[in-house]
Protein chains: 2
Amino acid sequence: MAGPSQLTGADDPAPAGSSAAGRRRATILDVAAAAGVSRQTVTRAMNDMSGISAETKRRVMEAARELSYRPSRFGRGLVTGGARQLGLVVNDLRNPYSPELAAAVVRLAADEGWNVMLVDIGLASDADRLLASLREQADVVVGYLGEWSAGWGSGLATTPLIQLDAGETTEHAGVRLDPVAAIGDLVAHLVAMGVRCPVVLDASAPREPSARGAAMAAAFREHGVEAEVVHAASSSAEHASAVTAQVVRRAAPPDALLAFNDLMALGALSACRHAGLDVPRDIRVAGVDGLTIGTLVAPTLTTLAVDFDEVARHTLELAVALRDGDADVDRFRVVPHRLVLRESA
Amino acid sequence: MAGPSQLTGADDPAPAGSSAAGRRRATILDVAAAAGVSRQTVTRAMNDMSGISAETKRRVMEAARELSYRPSRFGRGLVTGGARQLGLVVNDLRNPYSPELAAAVVRLAADEGWNVMLVDIGLASDADRLLASLREQADVVVGYLGEWSAGWGSGLATTPLIQLDAGETTEHAGVRLDPVAAIGDLVAHLVAMGVRCPVVLDASAPREPSARGAAMAAAFREHGVEAEVVHAASSSAEHASAVTAQVVRRAAPPDALLAFNDLMALGALSACRHAGLDVPRDIRVAGVDGLTIGTLVAPTLTTLAVDFDEVARHTLELAVALRDGDADVDRFRVVPHRLVLRESA
DNA sequence: CTGAAAGCGCTTACAG
DNA sequence: CTGAAAGCGCTTACAG
């Protein structure tokens, strides 16, 4: 069904079956015909422009409502240019890190007149299709691409990418987080408080420590303290909790636990509580990210905080520059973590 | 560089300065000209279609890269129809409720082939503009519109709306959460555990209780127990904590605290801890929402959980129906809360 | 106040 | 394997 559109005139193919589901979507020409006016008169009415009589406008709006007319964003965008669109890729919205980042980006983007399309690549069943759709719709894509960033450039149409997990050697623009200085501050504090047997609670599968875990161990080494690195099966609170439970049950338990991120630190805190340990008296615990949730637990969580607003600021700045093809901008930004001492360490 | 596109001819207004920033974006015709082919050959190359020689394709891609060509989503969308676009409006991404909802919606939307545009109306500096932009870009808008839902229909172009905070009398489609049965379960449990002096910790300014707070008080009344309703200045953990601190300091402190939501319950828990109270021995605490974070605190939080996947399912079903103009679908859905007993009550 | 024409950038048949 | 034509749905000048 949905007969061909005659366009310039003649017999409009009558909205087929009145069963709404099978009906071709009404266009500006349908409304014009129904109201007995020209298409630009419809445009005037729909866009609240001047130069149209109240009566005509009423008739047009009436016809539009009758036909459930909605202007096509493509038709309009083609001529107006349309709003800027930012694609934001996060890892897993259920890790509070993602929404705290997203909140900052979404807010600043709105202020700058960009819309934000959100993709959760961690929860996706078909990440490839999702990313393909995103790059087709967005002017610029920003976020945690992980392994997917590799094939980005090879694609057919090249949407600019801003990597948030960028290493030093990325080919794309990027905003990198640098915890090293803050780790130094934290470790100095811990050592000053008497910590001598720290454990680094690192994330995920790869047997070798993450860059972050390695930096933690290295910082202790500079103080003549050897840190043991243990790995959780994932960076979730649950897995962190499980590993912590094992570690604190040892004959010689650690006196500090540095987690890869706040979520893992919360899992560690929970395990310590269940083991009957007092934090920070028996063992000190700290995380990384600076999540708000860390202020709601007991004891409140010491952490290395990310300045999400700063990340968002760099992101939008880069997005604007990349969209405009501005080559003069510094494509690599670094935002340092900052030590936030609370009760747990 | 980037010569003007001759198109139908004559003097194209020359791309201004060669400073990239001022350059008009390249079109398919520019690429075609640069590669010495027709536009449909460019289409073939860009879209990885058959019927093009390897050498030609190479030349086209080369030219495209040279000109930083990116196909216009509007031009393409106009002819292909484009992907479905869902606008998701949340209240405040920093309340963990939002991301848990968003995670469910985003995941299901992706599975169904919809893109999601995210707007945080709570953090917005200019909600009206934001919503206007959203309704222009999205096929359907879903979320917590609050007061903004009022003027929705009066707008010029009417994008279908699915209200998530819909009362009974909404003119739009909606998915409503119904806590009443679960509140009954919770209160029965509390009374059975000996609770006689409960306090309902309600949200926000209006002096009269929220529907939810009223339902809590009513449920107690059915058991012959009178509940006092107190109001926090906002539904944040901080304000809930402040009010709780006052309440528990009384001569006759309550033996149970029912919070408007989990975030407030967490604030209450925190205040109880600081007051030296043991939860649940001295006082029982419960919230509403079923947030994951409730499993990470000590004691773990008893709550009335929302089935976010169920909400997402109804949402996508409605979105599809509204976009297709399908009138035969039930436009009002109800998802009940479910009591989840954990340690705090 | 209203309308006829041109054009935005792309893809889809259809010819060669 | 390649190209000329038509058309997607809208807005922006320009005439009347």
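So you know, we letter chains A, B, ... as the sequences are listed, proteins then strands, and number each from 1.
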query = With sequence neighbours left out, what residues match A110(B) under side-chain contact (heavy atoms from CB on, under 4.5 Å)?
reply = L130(A)
ask   = Which nucleotide sits closest to the side chain of T41(B): dG3(C), dC10(D), dT2(D)?
value = dT2(D)
key: Upstream residue (5' side of DNA chain C) when M49(B) and G36(A) are each assigned their closest nucleotide   = G36(A)
query = Are side-chain heavy atoms of V140(A) and L318(A) found at a separation under 4.5 Å?
reply = no
query = Which comes earlier along DNA chain D counting from the 5' end, the contact point of V79(B) or that of S53(B), where each point is its nearest nucleotide?
reply = S53(B)
message = N115(B): which residues meet the side-chain hydrogen bond (donor to acceptor under 3.5 Å, both in side chains) condition with it, sequence neighbours left out?
response = S133(A)
For nucleotides 4-6 of chain D, tabulate all protein N/O to nucleotide N/O atom pairs closer than 3.5 Å, reporting atom names and distance.
| from | atom 1 | to | atom 2 | distance (Å) |
| --- | --- | --- | --- | --- |
| dA4(D) | N7 | Q40(B) | NE2 | 2.1 |
| dA4(D) | N6 | Q40(B) | NE2 | 2.3 |

ask   = Which pairs with one or both residues in residues 78-94 of chain A pass salt bridge (Lys or Arg N to Asp or Glu O under 4.0 Å), sequence neighbours excluded?
value = D92(A)-R94(A)
query = Separation of L78(A) atom CG from dG9(C) atom P, in whole Å?
reply = 7 Å
Contact under 4.0 Å: T56(B) side-chain N or O vs dT2(D) OP1/OP2 = yes
key: Side-chain heavy-atom pair T315(B), R333(B) within 4.5 angstrom cut-off   = no
ask   = Below 4.0 angstrom from OP1 or OP2 of dC10(C), is there any side-chain N or O of T43(B)?
value = no
N-O pairing of R65(B) and E62(B) below 4.0 Å = no
Dot-bracket notation for DNA chain D, counting Watson-Crick and G-U pairs under 3.5 Å, with | for partners on another strand = |||.||||||||.|||
Which residues share a side-chain contact (heavy atoms from CB on, under 4.5 Å) with R44(B), sequence neighbours left out = Q40(B), T41(B), M49(B), I52(B)
query = Under 4.5 Å between any side-chain heavy atoms of L101(A) and L164(A), yes or no?
reply = yes
